[in-house]
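Here is the structure we will look at, set down as structure tokens.
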Number of protein chains: 2
Amino acid sequence: MTESTQILLASRPEGRPTPQNFRTETASVPAPKEGEVLLKIRYLSLDPYMRGRMSAAKSYAAPVEVGAVMEGGTVAEVVESRDPNFAAGDMVLSYSGWQTHAVAKAAHLRKLDPEKVPVTTALGVLGMPGFTAYSALLTLGKPKEGETVVVAAATGPVGSAVGQIAKIKGARAVGIAGGPEKCRALIEEFGFDAAIDHRSETFAEDLKAACPDGIDVYFENVGGPVFEAVRPLLNFYARVPVCGLVSQYNATGPFEGPDKLPGLMRDVLTKSLTIRGFIQTEFKDQMPNFIKEMGSWVADGRIRYKEDIVEGLDKAPDAFIGLLEGKNFGKLIVKVA
Amino acid sequence: MTESTQILLASRPEGRPTPQNFRTETASVPAPKEGEVLLKIRYLSLDPYMRGRMSAAKSYAAPVEVGAVMEGGTVAEVVESRDPNFAAGDMVLSYSGWQTHAVAKAAHLRKLDPEKVPVTTALGVLGMPGFTAYSALLTLGKPKEGETVVVAAATGPVGSAVGQIAKIKGARAVGIAGGPEKCRALIEEFGFDAAIDHRSETFAEDLKAACPDGIDVYFENVGGPVFEAVRPLLNFYARVPVCGLVSQYNATGPFEGPDKLPGLMRDVLTKSLTIRGFIQTEFKDQMPNFIKEMGSWVADGRIRYKEDIVEGLDKAPDAFIGLLEGKNFGKLIVKVA
């Protein structure tokens, strides 16, 4: 019998998650049945959307139950297979959550080729975050040559891909990030045209100066004061794909006034804005294009990526708490084993 | 020399417009030049968008200058023509504003046929308001069979057309209006499936009860408390074309907290909502379809309309002030002469 070390949701956070919201347990993993495989998890992806799953509030996905294993995308090695398409030693992309071992249905797995690209890219630039950036930017943002695209959390796996894809499409890419080190990386590593530090006291003025022709696409990852600085710069017919709102995930209770909603709706009306929420699953018909196009951009070095790898499953709760505060630098991944 | 009685913008309103914001003057109208016609205005359209033109704040259209004639759509009779396409006695659609006479370029006029439909329909159901409803509902709202479409200011020229076109497309139409008389008209005259009085103390519950399957399209004309009642009922992938925000046009200064913007953005994210401002001019390629399709619906009686005609240009300021408070009942038109 295989044992799995698991990190469970111990309780729902009130505001900022704490280590006490998580609990570690050991559970026996059943033997795989016909059409299933036994997996040893190698890498776990940590992503902001997981904060939503920790809450009971209604959202697009069901919450993680208290006492259940935390959900998450993983790269795993097949240990034992009862499916003809997989053999022991194969590396796969699975959705096995915060644990060391799991049984999975073979039909839910995607085989990875470690010779081609590092397997961790399946959790970042060539996985869900990269696909989110690619599909939503092209379908909803529709950047045109010469337009200005602004993205926050810009050194993250979604933001860095948004900026680089915008550049490939001929647009100007302006990234917002926290601190001078991340801003330097935006210019030097990711090739953004401008990088703005949202922690600076002159943030709003700096953003305005970096967008002399206004903003045509704002790819929303964060909300809060960053969105307030963006709003007056939005151009007529600007598009705002809403991918995440990490600045407000830990908020509790009502937000202090004045009420900015009427002002936002006035902007929507007088500037013919489009504000559009989405989940990447609605674009799944674009997956073949993504795999082909993004795969070649990454292989060519036209799209670069940055990973922030934390060692040990026991570090996952602290790393995740830090992610919500912008403490990571690049795609946050836990090396489980 | 022809004299024109004109209503000018005397000063910009602070909040609710008052009669003092308008001034009446008499001006000489020059003789028409080559390619121009002299018009006697018969009907003036009063519409909520005019409130925006009275303010200096930046919007999609330039404001009316203080001391200039108030703008507006008009139905006029040609008195003298220096263009081969028009003759004295012709009825035309023009944009001559709040006055009794004007000279206009023939190229800016559309000839009307009083034999076919009443000429006032060119200001309402077959004019700008009807086209706004038709083009934005079909392009942005995209109502599908069995879906629920909600519209406020529903007895107005835009709202009543939105509901009736939604019905033609097989959707359920729920109208919001102020007072039992207007609600009765929504059901009995316009054929809505449900009518909700926003002045009722149980408005939010009544709306919820009238939308047992949630709301798929909310055609936004008003904003404010009506939008707050709509928000929790919006379905996944709901579309919100933003046509107007009449409840906040007269607002001054900041809106009292709590701040509802983060809650709206959370709804956008978790329900993949689309919030989209527009001006009907962006859909002008649909004008031929509108003229054909809407014209036949009106001729067949499938689309009904209601006009609220006020006698005398001098009544325009008070009628317009009342319009912003929902005091009219149907398309508000001033019979100038």
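Lettering of chains follows the sequences in order, A, B, ..., and the numbering in each one begins at 1.
Of all residues spanning residues 271-282 of chain B, those with a heavy atom less than 4.5 Å away from chain A's heavy atoms are B/S272, B/L273, B/T274, B/I275, B/R276, B/G277, B/F278, B/I279, B/E282, arranged by number.
Taking a cutoff of 4.0 Å between a charged side-chain nitrogen and a carboxylate oxygen, A/E228 and A/R231 qualify as a salt bridge.
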Test log, rule side-chain contact (heavy atoms from CB on, under 4.5 Å), inputs A/E145 and A/K169: CA-CA 6 Å; A/E145 198 154 328; A/K169 296 295 169 184; over 6 Å; no

side-chain contact (heavy atoms from CB on, under 4.5 Å) between A/V151 and A/I176, worked out: CA-CA 6 Å; A/V151 63; A/I176 299 170; over 6 Å; no

Worked verdict on A/M54 versus A/V64 for side-chain contact (heavy atoms from CB on, under 4.5 Å): CA-CA 6 Å; A/M54 296 178 79; A/V64 174; over 6 Å; no

Intermediate values then yes/no, side-chain contact (heavy atoms from CB on, under 4.5 Å), B/F320 and B/R51: CA-CA 9 Å; B/F320 177 68; B/R51 177 63 185 81; 4.0 Å; yes

Steps toward side chain to side chain donor-acceptor pair (under 3.5 Å) verdict (A/K331, A/S160): CA-CA 10 Å; A/K331 172 68 193 107; A/S160 60; over 6 Å; no

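For the pair A/V174 and A/C211, the minimum side-chain heavy-atom distance is below 4.5 Å. Annotation: side chain of A/Q286 is in contact with side chain of A/T139 (closest heavy-atom distance under 4.5 Å).
B/R239 does not touch chain A: none of its heavy atoms, backbone or side chain, sits under 4.5 Å away. Contacts between B/E256 and chain A at a heavy-atom distance below 4.5 Å involve the backbone alone (N, CA, C, O).
Counting heavy-atom pairs closer than 4.5 Å to chain B, the top-ranked of the candidates A/L245, A/L261, A/V240 is A/L261. Top candidate by heavy-atom pairs under 4.5 Å with chain A, chosen from B/F236, B/F227, B/Y237, is B/Y237.
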